[in-house]
Amino acid sequence: MSQKSDLIIRIGGEGGEGIISSGDILSQAAAKAGLEVLTFKTFPAEIRGGYAMYQIRMSSEKVLSEGDGFQVLVVFNKEALDANLKYLQPGNVLIWDGPEGGDIGDLDGIPELEGVITYSLPMSHLAKNELGVYRSKNMIAMGAVAELFDVPLDRLKGIVATKFGKKGQEIVDLNHKAIDMGVAYVKENHSKKDPYKVVPSDEEKDNIIIAGNDAVGMGAMIGGCDFFACYPITPATEIAYWVAKHLPKGNGVVMQTEDEISSIAAVIGASFAGAKPMTGTSGPGLALMIECLGLGSMVEAPMVICDVQRGGPSTGLPTKHETSDLFLACYGGHGDASRVVLAAENVNECVWLAAQAFNIAEHYQIPVILLSDGSMGFRTESIPTPDPSSFKRIDRKRHTGAPEDFARYKFTEDNISPTAVPGMEGCAHMQTGLEHNEKGSPNYGPEYHTKNIEKRYNKLNDIEDFFESSETDIQEGATLGVITFGSTQGCVREAVNRARAEGVKVSVFHPKLVYPMPMKALNAFLDTVDELLVPEVNYQGQLAEMLRTKTTKPITQYNIYGGLPFEPKDIVAKIKEVLS
Ligand code: COA
């Protein structure tokens with residue numbers, strides 16, 4: 001039996017059947033066993049019903065992406081089986097709710113199951129008839145998974161106790177019993193026919209397991225966020241849950257407003273009052289905020305907006321993955337509205353770029369948009385335990401001279417003006433959406449508009465060096481460079497590692513700062529390659545289009561837009577195709 005240390009388990013069923021709980025519990029048990037985990041979940045927009053899926057990748061190595069397909073599929077109902085038949089490969093394992101009592105029954109005559117290793121598990125039947133509680137069928141399944149693949153049972157039960165503890169000891173005991181029932185069923189009815197195994201790691205890792213949205217909330221607090229306003233929207237709402245739980249402990253304020261326009265307006269007001277404010281939203285919300293984003297740009301308000309992208313346009317695919325807000329984030333709005341746009345690659349970067357967004361906002365006095373996405377917002381990942389003391393917060397430049405010398409929009413050498421907050425004697429000033437003179441009084445003369453627009457853009461001239469704005473991974477002799485943004489980067493890294501292992505030469509550029517582009521680093525990268533491959537989860541090839549304004553080198557776009565992220569094998573194949 002091979003000692004597999006990179007295992008992907010997919011659990012599918014109906015929303016309401018406890019798919020999400022199963023995945024959370026299994027992934028946390030794996031993390032407790034010292035494994036690195038990265039999860040992927042997708043569920044319907046409906047509150048109950050519809051196909052829900054949770055996939056857990058567990059490995060002794062750092063996990064870079066969701067991976068290719070899965071090795072083990074656990075299906076709770078027929079819909080989940082049907083949805084996954086096309087993905088099942090010979091050698092995969094299928095655990096299904098059957099042969100009796102569930103809605104799957106026998107598997108006879110399903111051609112896609114040729115070569116698939118199957119283990120029956122009548123989870124519905126056992127839950128209803130033996131345990132008397134249908135809801136616990138998911139834990140019967142987790143017991144079977146633990147027995148088949150050596151997931152440490154004590155870890156699994158420990159997580160169950162924590163997760164269901166608030167529902168009462170009775171529920172915990174019931175679910176422990178369900179786990180034991182799954183274990184016993186496998187022992188009595190099956191012998192191991194597959195090579196897959198979870199190999200716990202002895203290595204002590206100072207890791208936490210955290211979801212992307214929670215990581216943004218944590219990063220915001222590390223960055224100094226003390227005011228958060230939002231209108232709930234999938235898939236961004238969990239950022240608000242996180243800050244609502246933690247921000248008030250440090251005298252921060254969390255405000256749920258009546259819509260997204262109000263939330264960004266509140267953020268601008270809080271910024272004026274001296275707070276380090278943030279809002280979290282998704283594409284439709286960002287679209288509503290755009291007019292006020294222009295106001296933030298005009299009044300040079302330090303503020304942070306996190307856009308957890310989802311499939312669009314309009315209400316689109318609320319719970320599905322897409323990275324198609326790049327144009328909106330970089331160019332949305334009327335007039336020349338300066339802003340900074342960052343994109344996080346993984347959950348760890350969600351923490352640190354969210355924190356960094358506050359320093360950038362404060363230093364440059366500008367709206368900063370942090371792009372995340374549905375897949376990363378929902379997924380959990382093991383990351384090194386963040387050490388807030390390693391982060392040095394920056395505060396905006398304050399006026400320190402005589403009150404009569406204060407000018408909010410003073411022209412300075414670095415184009416950054418001093419600020420004052422209400423209550424600073426003699427520093428009362430006006431902030432409106434109108435173009436203004438140095439003191440803030442409306443002035444639409446050509447001189448001020450010209451100078452102010454230049455100021456609002458030129459203050460960003462050195463932003464590329466303000467933080468680690470990009471990463472370059474050049475391979476000697478490579479003629480092809482791959483560039484992408486956001487969570488697709490993890491998949492690109494894994495694909496590039498695999499391609500290189502097969503002798504393919506390829507380089508990678510990862511912009512964390514996507515607007516304005518880190519041109520020094522990008523040009524240095526472009527000097528080393530002849531052509532580019534730009535994979536993106538959007539139809540238009542938004543990053544590719546932006547890059548075409550920066551280089552004349554040939555760009556091959558690789559776009560998918562089915563509501564799912566890339567798989568590394570697809571990018572490996574594309575790299576080879578471009579090079580051939
Ligand atoms: N014993 C006791 N309780 C259990 C259990 C068990 N064995 N297994 C699950 N549960 C509980 C969970 O704790 C959870 O309870 P809670 O609501 O008190 O937290 C509940 O059952 C649901 O289970 P869960 O595993 O969290 O979810 P699910 O996989 O059954 O899927 C949703 C349901 C929630 C994912 C899904 O239907 C959903 O979120 N829909 C909304 C989508 C959305 O955001 N739409 C908006 C679009 S704009």
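Side-chain atoms are counted along with the backbone in the values below, which use heavy atoms only and exclude waters and symmetry mates. Both counts, for ligands and for their atoms, begin at 1 and track the order of listing. Residue numbers count from 1 along this sequence. Because the structure is a prediction, the values reported are computed rather than measured.
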> Shortest non-hydrogen contact from G67 to R57?
Replying inline: CA-NH1, 3.3 Å
> So how far is it from M303 CE to S297 OG, rounded to the nearest 0.5 Å?
Replying inline: 9.5 Å
> Within a reach of under 6.0 Å around NZ of K62, are more than 12 heavy atoms found that belong to other residues, nucleotides or ligands?
Replying inline: yes
>> Can a side-chain donor-acceptor contact be found between T323 and D373 if the only test is distance below 3.5 angstrom?
In response: no
>> Tell me whether G15 has any N or O atom under 3.5 angstrom from an N or O of ligand 1.
In response: no
>> Using a 4.0 Å cutoff against the non-hydrogen atoms of G16, which atoms of ligand 1 qualify?
In response: 28 (P), 30 (O), 31 (O), 33 (C)
> Considering only heavy atoms of I19, which atoms of ligand 1 have at least one such atom less than 4.0 Å away?
Replying inline: 25 (O), 28 (P), 29 (O), 30 (O)
>> Is it true that D173 and Q169 share a donor-acceptor pair across their side chains at a distance under 3.5 Å?
In response: yes
> Among the heavy atoms of K167, does any lie under 4.0 Å from an atom of ligand 1?
Replying inline: yes
> Out of E17, R135, K163, E14, whose heavy atom is nearest to atom 11 (C) of ligand 1?
Replying inline: R135
> Should N175 be counted as touching ligand 1, given the test is an N or O pair under 3.5 Å?
Replying inline: yes
> Does one side chain, of E536 or N538, offer a donor that lies under 3.5 Å from an acceptor on the other?
Replying inline: yes
>> Per the side-chain hydrogen bond (donor to acceptor under 3.5 Å, both in side chains) rule, what does the pair list look like for residues 229-241, sequence neighbours excluded?
In response: N213-E238
> Is the closest N or O pair between I171 and ligand 1 shorter than 3.5 Å?
Replying inline: no
> Can you tell which of P232, G13, S21 gets a heavy atom nearest to atom 9 (C) of ligand 1?
Replying inline: S21
> Polar-atom distance check: N138 versus ligand 1, any N or O pair below 3.5 Å?
Replying inline: yes
>> Taking distance alone, with N or O pairs closer than 3.5 Å, would you say P318 contacts ligand 1?
In response: no
>> Ignoring hydrogens and geometry beyond distance, is a side-chain donor-acceptor pair present between S262 and D259 at under 3.5 Å?
In response: yes
>> Out of all atoms in ligand 1, which are within 4.0 Å of some heavy atom of T234? Include the element for each.
In response: 44 (O), 46 (C), 47 (C), 48 (S)
> How are the rings of F378 and F43 set to each other: parallel, tilted or perpendicular (split at 30° and 60°)?
Replying inline: tilted
> Does the N or O separation between S22 and ligand 1 drop below 3.5 Å for any pair?
Replying inline: no
> Is any N or O atom of S136, backbone or side chain, closer than 3.5 Å to an N or O atom of ligand 1?
Replying inline: no
> What pair of heavy atoms forms the shortest contact from C306 to S372, and how long is it?
Replying inline: SG-CB, 4.4 Å
> Which bit of F164 is near ligand 1, meaning a heavy atom under 4.0 Å away: side chain, backbone, both or neither?
Replying inline: side chain
> Just distances here: any N/O of M139 and N/O of ligand 1 closer than 3.5 Å?
Replying inline: no
